[in-house]
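Some notes on the structure that comes next.
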2 protein chains.
Amino acid sequence: MIEGRKIPAATISRLPIYLRELGDINREGEHVVSSRLLAERTGLTSEQIRKDLAYFGAFGTRGIGYDVRHLDLAIRRILGLTAEVPVAVVGAGHLGTALIRHLQRRESGLFVAAVFDSDPQKQGQRTGGQVVLAAEMISEVVRKAGITLAAIAVPSPSAHETLRRLAEGGVGAILNFSPVKLEHPRVVVKNLDLSTELQALAYYGPGAGGERAG
Amino acid sequence: MIEGRKIPAATISRLPIYLRELGDINREGEHVVSSRLLAERTGLTSEQIRKDLAYFGAFGTRGIGYDVRHLDLAIRRILGLTAEVPVAVVGAGHLGTALIRHLQRRESGLFVAAVFDSDPQKQGQRTGGQVVLAAEMISEVVRKAGITLAAIAVPSPSAHETLRRLAEGGVGAILNFSPVKLEHPRVVVKNLDLSTELQALAYYGPGAGGERAG
DNA sequence: GGCTGTGAACGGCTTCACAGCG
DNA sequence: CGCTGTGAAGCCGTTCACAGCC
C-alpha cells in the first residue's frame with residue numbers, strides 16, 4: 001500500500017522504536033534484518049511491524065528482509081527527521097533540563113534549538129549549550145528559527161499562555177508535561193503528566209488487578 | 001456493571017484525570033458534578049466517562065449527577081490510593097528529581113518513600129526530603145518498606161539490573177523512562193521514553209501529516 | 001426533564017492466514 | 001523455501017441511542 005493516507009497514530013508512535021533498534025543493529029554490523037528479529041528485539045509482533053511499514057511502501061525484499069540502513073533512512077523520511085529537527089523547550093526546571101539532556105545523548109534526529117523560562121534568574125544562564133531566553137520571546141524566536149516542535153515543562157498556571165505563544169510562533173506539535181488539558185486547532189498536543197501516569201500504575205502495583213499496561 | 005472484571009487499560013489511565021478534576025471541583029465548592037461537565041473540563045466525552053465509571057459500579061444519581069467527594073473516594077479506592085502509596089525512585093538525575101518534585105506538589109495519593117542512585121557522589125545527599133541510597137540496597141529497602149510502585153530514571157545500561165532488583169523487592173508496577181524494552185512476568189512495566197515521544201511528534205510537527213496524537 | 005447506566009452499532013487497530021515474490 | 005505484503009477476520013474500545021430512575 002503506497003501512500004494510501006490515513007496512518008494510524010499507533011503506527012506513528014512505533015516508528016521511533018524501529019528507528020532506535022535499527023541504529024543498534026547497524027552498529028552491530030548487520031546489514032539486513034527480518035521483521036521477526038525486529039519483533040523479538042522490540043517486543044512487538046512481526047505482522048505488526050510489516051503492516052506498519054507497508055503503510056508507507058514496500059521497503060523489504062521477500063525471502064530476505066529489510067536493508068537496515070535503507071529502512072532507517074525511510075523511517076527518518078517519514079517522520080521528517082532526515083535533517084536535524086530543531087526543538088524548543090519551555091521551562092528550564094528539572095524536567096526541562098532532563099529532556100534537554102535526553103535529546104543531547106542519542107542521535108535522535110532532534111536537537112534543542114531554544115530554551116525558554118519565565119524566571120529572570122534562569123534567563124541568560126546556559127542549559128545544555130543554550131542560553132535560556134525569556135518566555136516573552138517565544139513567538140518571535142520560534143518563528144524566526146522555523147521551529148515546529150516543542151515541549152512544555154512549565155508549572156500549570158503558565159501552560160495555556162505557553163501554548164498560545166508557541167502556536168503563534170508556528171509550532172505544529174507539542175509534548176505537554178503539565179497536568180492541564182491543552183488544545184489548539186492548529187497544533188497537535190500530546191499530554192503526558194508524570195503524576196497521572198504513576199497514579200494509573202498504582203492500580204497494577206499490588207499485582208491484584210489486570211496485567212497489561214502501555 | 002458491578003465487578004464484571006476485565007477493565008480496559010484505557011479506562012484505568014483516565015481515572016487519575018477524573019481524580020484531578022474532582023479535586024479542583026471540590027476546591028471550587030461544588031458538591032455535585034455531571035458527566036457532561038466533567039467531559040467539558042477534561043476534553044473527553046460524557047459517554048466515555050459514564051462508561052468508565054460504570055465498570056466499577058453505579059456511583060451516580062440519575063437526574064442529578066455524581067457526588068464529588070463520594071466519586072473521588074471511589075476512584076481512589078479503585079486505584080488503591082486511599083492511603084498514601086509509597087513510591088521508589090531509582091536514579092537521582094534531572095529526570096528522577098523532576099519526578100520527585102512532581103509527586104511532592106499536588107496531593108496525588110503518592111509519596112516518594114525511597115530514592116536510589118548508583119553514583120556514590122549522590123548517595124547520602126538529600127533529594128526532596130529523602131536520603132539517596134545505593135542501588136545495591138534496592139531489593140532490601142523496597143521489601144522492608146512494602147513498596148509496590150517504582151520509577152526507573154537511570155541510564156540504559158543499568159535499566160535491566162534495576163528492574164531485577166525492584167522485582168526482587170516485590171515491586172508490582174514500574175514506570176520506565178529508559179529507552180530499553182523492560183519485561184518481567186510479575187511486574188507491569190509502562191515504558192515511556194521522552195526522546196521517542198518527541199520523535200513521534202515530529203511527524204505531526206510540519207502540520208502536513210495527520211492531526212491526532214494521544 | 002435531566003442525567004445516569006448500558007446494550008448495540010461502529011470504527012480502528014491487531015492478528016490471522018496466505019498469496020506473491022526473490 | 002523464506003520472508004514480505006496484504007485482504008479478511010477478530011477484537012477492543014468508543015460512540016450512539018435509549019431505557020431507567022430521580
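So you know, we letter chains A, B, ... as the sequences are listed, proteins then strands, and number each from 1. Quantities reported herein were computed from a predicted structural model and do not represent experimental measurements.
B:P86 meets the side-chain contact (heavy atoms from CB on, under 4.5 Å) test with B:F111, B:A113, B:I147; sequence neighbours excluded. Every residue two or more places apart in sequence or in another chain that forms a side-chain contact (heavy atoms from CB on, under 4.5 Å) with B:V32 is listed here: B:I64. With sequence neighbours excluded, the residues forming a side-chain contact (heavy atoms from CB on, under 4.5 Å) with A:R69 are A:N26, A:D67, listed by chain and number. The side-chain contact (heavy atoms from CB on, under 4.5 Å) search around B:V85 returns B:L81, B:L110, B:L149, not counting sequence neighbours.
The residues B:E107 and B:R76 are annotated as not salt-bridged, no charged nitrogen and carboxylate oxygen being separated by less than 4.0 angstrom. Ion pairing of B:R41 with A:E183 is absent here, as no side-chain N (NZ or NE/NH1/NH2) approaches a carboxylate O to less than 4.0 Å. Salt-bridge annotation for A:E47 and A:R50: absent, with no side-chain N of the basic residue lying under 4.0 Å from a carboxylate O of the acidic one.
Between A:S35 and D:dC3 there is no side-chain polar atom (N or O) within less than 4.0 angstrom of OP1 or OP2. Contact annotation: B:Y66 reaches the phosphate of C:dG5 (side-chain N/O to OP1 or OP2, under 4.0 Å).
Between the side chains of B:D72 and B:Y18, no donor-acceptor pair of N or O atoms lies under 3.5 Å. Side-chain polar atoms of B:T82 and B:R77 form no donor-acceptor pair below 3.5 angstrom.
In the set C:dT15, D:dC22, C:dG22, the nucleotide with an atom closest to the side chain of A:T45 is C:dT15. For A:A54, the listed nucleotide lying nearest its side chain is D:dT6; candidates were D:dC22, C:dT14, D:dT6. Of the candidate nucleotides D:dA17, D:dG5, C:dC13, D:dA17 has the atom nearest to the side chain of B:E47. Here the nucleotide nearest the side chain of B:R62, chosen from D:dT6, D:dT4, C:dT4, is C:dT4.
Using a 4.0 Å heavy-atom cutoff across all strands shown, A:S46 reaches no nucleic acid atom at all.
We find that CG of A:L53 is positioned 7 Å from P of D:dG5, with the value rounded to whole Å. One can place CG of B:L37 at 10 Å from P of C:dT4, the figure rounded to the nearest angstrom. Note: CG (B:L71) to C1' (C:dC3) measures 14 Å, nearest angstrom. Put simply, CZ on A:R50 is 12 Å from P on C:dC16, counting in whole angstrom units. To the nearest angstrom, C1' of D:dT6 lies 13 Å from CG of A:D52. Summarising the geometry, the separation between CD1 on A:I7 and P on C:dC13 is reported as 10 Å, rounded to the nearest angstrom. Residue B:Q48 contributes atom CD, which lies 5 Å from atom P of D:dT14 at whole-angstrom precision. Atom CZ of B:F56 and atom P of C:dT4 are 17 Å apart (whole Å).
Residues from residues 10-28 of chain A placing a heavy atom under 4.0 Å of any atom in DNA chain D do not occur.
Toward the 5′ end of DNA chain C lies the nearest nucleotide of B:I64, the other residue of the pair B:I64 and A:G63 mapping further downstream.
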Listed pairs, N/O of protein and of nucleotides 8-10 of chain D, under 3.5 Å:
{"residue": "D:dA8", "atom": "N6", "partner": "A:K51", "partner atom": "NZ", "Å": "3.3"}

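Between the side chain of A:K181 and the backbone N or O of B:E40, at least one donor-acceptor pair lies under 3.5 Å.
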